[in-house]
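What follows is a single structure, written as structure tokens, with notes after it.
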Number of protein chains: 2
Amino acid sequence: MCPAPLHETVPATTPAASLVFTTVLSHGPLTRAEVARRTRLSPAAVTKAVRPLMEVGYLVEDLDEQARPAIGRPANLVRVDGGRALFIGLKVTGDEIIAVLTDLCCRIRVARHMALTGREPAAVLPSLLAMVQELLTEAEGFGVRVCGLGIAVSGDVDRVDGVVRYSPFLDWRDVPLADVAATATGLPVTVDNDVRALTVAEQWFGAGVGLSDFALVTVGAGIGCGLVVGGRVVSGAHGVAGEIGHLSIDPRGPLCHCGNQGCVEGIAADPAILREVRAATGKPVATAAEALELARGGDPLAREVYARAGDAIGRAIGSVVNVLGPERVIISGEGLAAYDLFAEDIRTAFTRSAFGTAAQCDLMTRPLPFEEWARGAAATAIQSFIGPHTPQD
Amino acid sequence: MCPAPLHETVPATTPAASLVFTTVLSHGPLTRAEVARRTRLSPAAVTKAVRPLMEVGYLVEDLDEQARPAIGRPANLVRVDGGRALFIGLKVTGDEIIAVLTDLCCRIRVARHMALTGREPAAVLPSLLAMVQELLTEAEGFGVRVCGLGIAVSGDVDRVDGVVRYSPFLDWRDVPLADVAATATGLPVTVDNDVRALTVAEQWFGAGVGLSDFALVTVGAGIGCGLVVGGRVVSGAHGVAGEIGHLSIDPRGPLCHCGNQGCVEGIAADPAILREVRAATGKPVATAAEALELARGGDPLAREVYARAGDAIGRAIGSVVNVLGPERVIISGEGLAAYDLFAEDIRTAFTRSAFGTAAQCDLMTRPLPFEEWARGAAATAIQSFIGPHTPQD
DNA sequence: GTGGTTCTTTTCCACTGTCAATGAAAAAAG
DNA sequence: CTTTTTTCATTGACAGTGGAAAAGAACCAC
């Protein structure tokens with residue numbers, strides 16, 4: 001087993017190489033001919049792109065297994081050798097830091113959690129860097145170099161400069177996270193909004209593979225949405241997009257802290273559900289889990305609250321679908337724990353509000369544990385490692 | 001003066017040439033150096049791209065005027081010579097066909113209207129082709145070749161195949177409009193959704209110039225929306241996007257023909273306003289103009305209807321802005337005739353519903369006569385004439 | 001004038017991806 | 001059992017593209 005080279009070369013320097021690598025990464029083992037068809041490159045170009053990638057070990061040929069067409073010469077399968085590069089992904093929440101060490105295929109090798117004592121940068125940054133050090137040490141055991149670090153933070157994040165512009169949840173303003181982490185660790189660092197990071201992971205490795213237009217809706221403490229339009233993750237003109245938590249779906253709905261009435265988040269996010277369950281039942285429900293238990297137990301008033309939440313989510317999804325016409329909407333987040341309570345309401349509201357062709361949109365759920373968010377951060381690091389040439393539409 | 005060549009060469013065959021041409025077209029006279037900076041091409045590449053375009057006459061140098069930097073050599077301005085190619089744009093409505101003959105700069109040279117007797121393809125297509133013939137004859141007077149034909153139709157349009165999948169307004173299904181028009185006229189034909197076509201025109205020549213993310217909201221008989229995300233017009237996975245007319249903004253609102261309640265179109269489109277004004281005032285108002293007159297006259301009940309419409313539009317815009325975070329929203333359409341009646345309500349509702357950074361979005365109006373829609377169709381033709389390499393973000 | 005600055009062009013040149021031809025490996029056909 | 005057909009993969013020649021560097025052009029300031 002050869003040791004990792006001191007300076008990892010970036011796998012893909014040319015557009016074609018980047019495109020080929022991305023395609024193989026997302027669509028599993030592929031024959032060169034298949035890659036050529038998918039990328040619309042010539043077979044010759046694929047051969048030439050694959051060779052250097054195989055020489056550095058990022059791509060390998062599956063010698064034992066072959067793809068046999070009905071007739072004609074059998075094809076050799078090419079796949080990414082995940083073990084040849086490692087990445088670290090971090091997700092910062094208000095309570096803890098979740099960190100994962102992944103390989104080049106974005107498979108999680110190690111996962112760590114660390115509780116936070118404070119939310120201010122002075123409290124979080126040292127923990128964050130300690131976490132990275134811990135995983136770097138862990139990585140030594142694999143004998144493979146860590147090639148990138150991705151950090152996911154909720155809020156308004158400038159991913160180009162790697163600056164957290166404003167995170168309401170953490171109460172951070174203009175924290176140059178990428179610079180801090182890069183100088184402390186020496187790694188290439190990407191910083192992105194957490195939902196966008198998760199969206200990238202889904203686009204490349206999850207339920208968004210092969211789709212040019214889809215949305216990822218996260219339900220939990222807040223309600224968020226990541227968007228992929230024309231094969232590209234949407235960031236908006238000012239770095240913020242997918243704020244469906246504050247879509248107002250009822251002009252006479254409850255007042256939201258944002259000042260508007262009837263926001264989805266004010267009806268269907270965990271705190272709102274808790275508040276409403278308490279108000280409806282009069283019972284001293286303290287946590288989302290307790291509210292859930294009450295509703296599962298059959299309390300009709302509590303169930304009604306969940307039904308309203310489902311209706312709100314379904315209507316919000318309907319709005320996104322009417323505006324963008326995506327091929328699929330993936331529903332995820334901790335709120336999915338209560339999915340059985342409002343699945344029907346979501347679907348009903350969605351079907352009612354989706355207009356015309358938009359109703360062809362595929363609605364699916366995908367329970368993603370918190371580690372997946374950190375994996376999303378790693379995915380952004382992998383993305384910048386590979387290069388920008390993603391397959392378009 | 002040299003006559004137009006028999007076979008117009010496509011101006012831009014290489015990516016760089018296409019990019020340079022598009023940049024000069026959108027951003028008016030520019031120096032080569034400025035083009036290089038904007039496109040991030042090398043100055044050498046710009047020179048090489050410009051030369052052949054000047055040889056065929058699509059680009060010219062403004063010899064009389066020069067751009068003088070504070071110090072250093074004065075720069076020569078390059079601009080598009082609109083007169084060297086003509087395009088035809090058609091917009092098909094339920095009542096009439098609007099046709100324009102434009103030059104390469106998409107300036108309207110001739111405009112024509114033709115009333116329609118029926119809406120079915122058998123009635124519309126002959127009129128449409130006659131219209132094209134008329135403009136082709138007209139074009140002969142300019143001594144310049146017509147290089148493309150763009151057709152804009154409302155509804156679900158597959159612009160790649162040039163097929164009208166389903167137009168509710170015309171009650172067309174799967175009409176292969178591009179093929180029909182191409183074989184009849186011998187011109188390269190583009191067919192697109194009307195709002196998207198208008199959006200292209202705004203992106204290249206209107207209020208969207210230089211913006212990577214903006215929305216165009218049209219208010220009138222229906223309520224539509226064209227979207228540009230990351231510099232590209234959004235089409236959605238199934239060819240339909242921007243259906244904000246059926247965003248449901250009030251679960252207890254009036255029933256819409258789509259089956260849902262509280263759709264924007266069921267509150268703020270012309271027919272809805274007419275219906276509501278009649279219902280509120282009890283007066284036999286027959287047309288949108290009459291309703292407008294009544295409200296302008298000071299009828300408080302009628303004004304209230306317009307205020308509600310403005311609120312609905314503002315909320316819909318707020319939804320789009322929260323989802324996509326555009327830099328600007330352009331409001332247009334015949335409905336703008338009543339703008340003074342609901343301008344304030346639109347802005348209030350928008351400001352209330354736009355969350356966080358999204359509120360930085362610039363809200364503006366732009367009265368665009370019906371010819372502009374036909375001009376949009378011409379813009380799609382120009383776009384396909386130039387080639388696909390548009391400046392991205 | 002001379003030097004500095006900016007615009008523009010020219011002359012290489014590295015590089016990319018396509019083309020067309022070739023070889024390889026299997027199934028189908030005779 | 002050979003030949004043909006089909007598909008996959010590779011090779012080498014090649015045409016185009018766009019970049020780097022240098023030179024030229026045109027102007028200002030001194």
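In what follows, every chain begins at residue 1, and chains take the letters A, B, ... in the order their sequences are listed. If you're wondering where the values come from, they're calculated on a predicted model, not measured in any experiment.
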One should read off an interatomic distance between L86(B) CG and L149(B) CG, to the nearest 0.5 angstrom, of 12.5 Å
To the nearest 0.5 Å, atom CZ of F205(B) lies from atom CG of L25(B) at 4.0 Å
Contacts satisfying side chain to side chain donor-acceptor pair (under 3.5 Å) that involve residues 197-208 of chain A (not counting sequence neighbours) are E202(A)-R366(A)
| query | Does R145(A) use its side chain to pair, donor to acceptor, with the backbone of R84(A) at less than 3.5 Å? | reply | no
Going 5' to 3' through nucleotides 11-20 of chain D and flagging B where a protein heavy-atom sits under 4.0 Å of the base, S where only the sugar-phosphate is that close, and - otherwise, we get BBB---SBBB
Taken to the nearest whole Å, CG/L77(B) to P/dA26(D) is 16 Å
Donor-acceptor pairs are to be reported for all side-chain atoms of residues 42-56 of chain B against protein atoms at under 3.5 Å, with residues two or more places apart or in another chain.
unit_1 : atom_1 : unit_2 : atom_2 : d
S42(B) : OG     : A45(B) : N      : 3.1
T47(B) : OG1    : P43(B) : O      : 3.4

Any side-chain N or O of R37(B) under 4.0 Å from OP1/OP2 of dC7(C)? yes
The bend of the helix from dG1(C)-dC30(D) to dG30(C)-dC1(D), taken between the axes of its five terminal pairs at each end and rounded to 10°, is 10°
query = Is there a donor-acceptor pair closer than 3.5 Å between any side-chain N or O of R375(B) and the backbone N or O of R107(B)?
reply = no
The reported gap from CD1 in I330(A) to CG in L216(A) (rounded to nearest 0.5 angstrom) is 5.5 Å
Whether D161(A) side chain and V163(A) backbone form a donor-acceptor pair below 3.5 Å:
no
*Would you say S18(B)'s side chain and T14(B)'s backbone share a donor-acceptor pair under 3.5 angstrom?*
no
side-chain contact (heavy atoms from CB on, under 4.5 Å) filter on T380(B), not counting sequence neighbours, yields T190(B), D192(B), A197(B), V200(B)
What N/O pairs connect the protein and nucleotides 25-30 of chain C at under 3.5 Å? Give each pair on its own line.
unit_1  : atom_1 : unit_2 : atom_2 : d
dA25(C) : N3     : R73(A) : N      : 3.4

